[in-house]
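Just follow the structure's listing: the first ligand is 1, and inside any ligand the first atom is 1.
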Amino acid sequence: MKKILLLPFLAFAMLSCTAPKTQEPMNNEVINAIMARRSIRQYHATPVARDTMMQIMTCGINAANGQNKQSWEVRIIDNPTTLQKVQDLMVVGNPALSAEMVRGCMRGAPVMTFIARDLGYDFSAYDCGLLAGNMMLGAQSLGVGSICLGSPVRFINDAENSAEILAMLGFSANYDLSLCIGFGYANESPAAKPRDINKVQFID
Ligand SMILES: Cc1cc2nc3c(=O)[nH]c(=O)nc-3n(C[C@H](O)[C@H](O)[C@H](O)COP(=O)(O)O)c2cc1C
């Protein structure tokens, strides 16, 4: 008798394991943060507290990374005077470019992070990208806006005085400045730019 009663439960359990699952709703906290994050190019002057930045960085360093080599180094500038000094040096070092363009490349973010990759590890660029992604999503979840920036990297590495600017950042030898991420409180709410899902295909 017990066996007969168990049969419908067993059948249900087997079906729920094998039947194709319907799509999960896109509304958990992680997905919401991913879908809500946008590049912010207008910020309030309000600084981001160092405790908050450390939470963001803790998210960053917990990213997947090759062989857990953590093949990155990060420098954070949240002092407006120091950030101004870096920008001034960048302007001096790029005489062919307008001062507005060079200063504007940081998009007015009050906190700038500079990420360098270990040139001795062939996957370090990916490590740094994943670190950066985690930093931006961590920030999003804390209500902090962010922007990933390539231009400052070019304007620093190509500057006539790049050695002086890089000395200020103080990366270890064999680490190459690769990415900047700006942080601050958003003063705009940009819409999502279109994405092309056709770039993703299942192969049967
Ligand atoms: C590697 C990389 C470099 C980028 N460099 C810049 C940059 O120099 N200036 C800028 O305004 N945005 C920059 N962005 C931001 C992109 O323009 C932005 O992520 C893209 O347009 C998609 O918009 P979304 O971030 O709002 O979804 C960069 C993004 C990445 C990933």
Closest heavy-atom approach to atom 6 (C) of ligand 1 among C148, A192, G182 is made by C148
Taking only non-hydrogen atoms of I147 and a 4.0 Å limit, the atoms of ligand 1 in range are 10 (C), 11 (O), 12 (N)
Rounded to the nearest 0.5 Å, the CZ atom of R38 sits from the CE atom of M136 at a distance of 11.0 Å
Next item on the list: Give the ring-plane orientation class for Y126 versus F123, where under 30° counts as parallel, over 60° as perpendicular and anything between as tilted.
Entry: tilted
Checking heavy-atom distances from atom 26 (O) of ligand 1 to each of S39, C105, S151, A132, the winner is S39
A student comparing M35, M106, R41, R154 should find that the heavy atom closest to atom 10 (C) of ligand 1 comes from R41
Practice item. Using a 4.5 Å cut-off on heavy atoms from C-beta on, say whether the side chain of W72 contacts that of I61. Key: yes
Would you please say whether a donor-acceptor pair under 3.5 Å links the side chains of D51 and Q55? no
In short, Y185 meets T46 closest at the heavy-atom pair CD1-O, 3.9 Å
R195 touching ligand 1 at heavy-atom level, < 4.0 angstrom: yes
In ligand 1, the atoms that come under 4.0 Å of a heavy atom of K193 are 21 (O), 23 (O)
Atom 3 (C) of ligand 1 has as its nearest protein heavy atom G150 N, 3.6 Å
of all protein heavy atoms, closest to atom 9 (N) of ligand 1 is L149 CD2, 3.4 Å
Nearest heavy-atom contact between C105 and M90 is SG-CE, 3.8 Å
